[in-house]
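Just so we're on the same page: letters track the sequence lines, and every chain starts at 1.
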Number of protein chains: 2
Amino acid sequence: MAGDRVFAALASPVRREVLRLLCEEGPQPVQRIAGRFDMARPSLSEHLRVLREAGLVSERKVGRQRLYRLEAVPLHEVREWLNPFERFWREKLTGLRDLLDDLDES
Amino acid sequence: MAGDRVFAALASPVRREVLRLLCEEGPQPVQRIAGRFDMARPSLSEHLRVLREAGLVSERKVGRQRLYRLEAVPLHEVREWLNPFERFWREKLTGLRDLLDDLDES
DNA sequence: ACTATAGGTAGGAAATATCCTACCTATCAA
DNA sequence: TTGATAGGTAGGATATTTCCTACCTATAGT
C-alpha cells in the first residue's frame with residue numbers, strides 16, 4: 001500500500017509536531033521549524049525527508065531558504081482507513097458496546 | 001503523549017491488518033489471526049503485544065485459546081489529531097487551496 | 001571576489017524493530 | 001496420566017530508525 005509511508009511518517013512525535021506547526025502557522029523555512037525542537041538541524045532535515053517522501057510536505061526554494069508546506073491530502077487516506085472503526089468507538093462511548101460483544105462471542 | 005504508542009502501533013501494515021480483521025470479523029483466537037499472515041506465530045504474538053500495550057486490543061482467555069478483541073477507543077484519538085488538517089485537504093479537493101497558499105506566502 | 005548563511009548529504013553510533021527457532025506453561029481429550 | 005494443542009517468552013540475527021558531527025553546495029550581501 002502507498003499509505004504505508006504515511007502511517008510510518010506519523011509514527012514519530014517530532015514529525016507529527018512538524019505537521020501541526022505547518023498546519024497552524026503556514027509554510028515555514030527549515031530554521032524556523034528547527035527552532036522548535038531540541039535537535040540538531042540535520043536530524044530535522046531527515047525528518048523532513050521522510051515527510052516529503054510520504055507526500056505530506058512539499059518544499060519550494062525561495063532565495064537560499066526552502067519553504068516547507070503542508071500537503072494534507074495523504075492524511076485523507078488515514079481518515080478513510082479509520083472509518084470502519086468509527087462505529088466501534090461510538091458504540092463504546094454510548095455504552096452499547098458490551099451488548100454487541102456478548103452477541104459476537106456467543 | 002499517551003497516543004505515541006497508538007501512532008507507533010499503526011505504523012506496521014501487519015498490525016493495521018490485524019485491527020481491520022478484528023473489526024470486520026469480530027474477536028478471534030491467535031491461530032485464526034495468524035493464519036492470515038505469512039509469518040511465524042511468535043512473530044505475530046509480538047505484534048499482538050504491541051497492539052495490547054497501545055490499548056488497541058484486549059485479550060480474554062477461553063479454554064486454552066485467547067480471544068483478541070478490537071478496542072477502538074484509542075483510534076478516536078487519532079481521528080481527533082487529524083481534525084485540524086481536515087479543512088486543508090477539503091480545500092485542496094475543492095481547488096481552493098492554491099488561492100490560500102498565495103495569501104499565506106506573500 | 002569574499003564571507004556568511006540556509007540547508008542538504010555522508011558516515012557512523014546506538015537504540016529499536018522485526019523476524020526467526022527453541023522452549024515453556026496451561027488446558028483439553030483420551 | 002499422557003499426549004496434543006494454544007500461545008506466550010527467550011535469545012539472537014539483521015534491518016531500520018534516529019540521532020550526531022563533519023562537510024558540501026548555493027545563494028545573498030558587501
Side-chain angles (χ1 to χ4, degrees), chain A residues 1-22 25-71 105, chain B residues 1-22 25-71 105:
Chain A
M1 175 157 133
D4 284 1
R5 283 174 186 273
V6 177
F7 280 99
L10 296 183
S12 155
V14 171
R15 291 191 292 263
R16 289 198 305 280
E17 183 66 12
V18 168
L19 293 177
R20 199 196 52 77
L21 181 65
L22 295 179
E25 308 189 9
Q28 313 225 352
V30 176
Q31 282 212 318
R32 281 257 299 286
I33 302 171
R36 305 300 193 94
F37 299 93
D38 184 21
M39 175 182 295
R41 192 195 36 74
S43 303
L44 185 74
S45 270
E46 279 284 318
H47 285 298
L48 290 173
R49 189 183 52 76
V50 173
L51 289 169
R52 228 185 303 126
E53 290 176 354
L56 287 164
V57 300
S58 61
E59 66 154 35
R60 185 162 71 89
K61 287 189 64 168
V62 176
R64 63 188 140 174
Q65 313 199 99
R66 311 211 182 172
L67 284 184
Y68 275 82
R69 183 176 74 176
L70 174 67
E71 295 292 340
E105 293 167 22
Chain B
M1 176 155 130
D4 283 1
R5 283 175 186 272
V6 176
F7 280 98
L10 295 183
S12 156
V14 171
R15 290 191 292 263
R16 289 198 306 279
E17 183 66 12
V18 168
L19 292 177
R20 199 197 52 77
L21 181 65
L22 295 179
E25 309 189 9
Q28 313 226 352
V30 176
Q31 282 213 317
R32 281 257 298 286
I33 301 171
R36 305 300 194 93
F37 299 92
D38 185 22
M39 176 184 293
R41 192 196 36 72
S43 303
L44 185 74
S45 268
E46 279 284 318
H47 285 298
L48 290 173
R49 189 183 51 76
V50 173
L51 289 169
R52 227 184 304 126
E53 290 176 354
L56 287 164
V57 300
S58 60
E59 66 154 36
R60 186 162 69 90
K61 288 190 62 168
V62 175
R64 64 187 138 174
Q65 314 199 99
R66 309 210 183 173
L67 284 185
Y68 275 82
R69 184 175 74 174
L70 174 67
E71 296 292 339
E105 294 168 22

Distance in angstrom units between [X] [atom1] and [N] [atom2], rounded:
X       : N      : atom1 : atom2 : value
B:Asp4  : C:dT16 : CG    : P     : 14 Å
B:Gln65 : D:dT5  : CD    : C1'   : 10 Å
B:Arg64 : C:dA26 : CZ    : C1'   : 10 Å
B:Arg60 : D:dG8  : CZ    : P     : 15 Å
A:Gln31 : D:dA28 : CD    : P     : 15 Å
A:Arg66 : C:dG7  : CZ    : C1'   : 6 Å
B:Leu48 : D:dG8  : CG    : C1'   : 11 Å
A:Arg52 : C:dG8  : CZ    : C1'   : 8 Å

Under 4.0 Å from OP1 or OP2 of C:dG8: is there any side-chain N or O of A:Ser45 that close?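 Checking A:Ser45 against C:dG8: at least one side-chain N or O falls below 4.0 Å of OP1 or OP2.
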
Determine: side-chain N/O of A:Lys61 to OP1/OP2 of C:dA6, distance under 4.0 Å, yes or no.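 So the side chain of A:Lys61 is outside the cut-off, no N or O lying under 4.0 Å from OP1 or OP2 of C:dA6.
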
Determine whether more than 12 heavy atoms belonging to other residues, nucleotides or ligands lie under 6.0 Å from atom CZ of A:Arg16.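 Counting neighbours around CZ of A:Arg16, more than 12 heavy atoms of other residues, nucleotides or ligands fall under 6.0 Å, so yes.
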
I'd like to know whether CZ of A:Arg5 has more than 12 heavy-atom contacts from other residues, nucleotides or ligands below 6.0 angstrom.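 No, CZ of A:Arg5 has 12 or fewer neighbouring heavy atoms, counting only those of other groups under 6.0 Å.
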
When we call it a touch if two heavy atoms are under 4.0 Å apart, what does A:Tyr68 touch: a base, just sugar-phosphate, or nothing?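 Counting heavy atoms under 4.0 Å across all strands, the contact made by A:Tyr68 is with sugar-phosphate only.
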
In 5'-to-3' order, the base (B), backbone-only (S) or no-contact (-) status of each nucleotide in nucleotides 13-20 of chain D, using a 4.0 angstrom heavy-atom cut-off, is -----SSB

If you take all heavy atoms of A:Arg52 and A:Ser45, which pair is closest and at what distance?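 Shortest heavy-atom contact: NH2-O, 4.5 Å.
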
Taking salt bridge (charged side-chain N to carboxylate O under 4.0 Å, His left out) as the definition, give me every residue that meets it alongside B:Arg15, ordered by chain and number, with sequence neighbours left out.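 Salt bridge (charged side-chain N to carboxylate O under 4.0 Å, His left out) list for B:Arg15, sorted by chain: empty.
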
Would you sort out whether B:Leu56 and B:Val18 count as a side-chain contact (heavy atoms from CB on, under 4.5 Å), showing the intermediate values? CA-CA 10 Å; B:Leu56 287 164; B:Val18 168; over 6 Å; no

Between A:Arg69 and A:Glu71, is the closest basic N to carboxylate O distance under 4.0 Å?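 A salt bridge links A:Glu71 with A:Arg69.
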
Taking atom CG of B:Leu22 and atom CZ of B:Arg32, what is their separation to the nearest 0.5 Å?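 It is 10.0 Å, given to the nearest 0.5 Å.
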
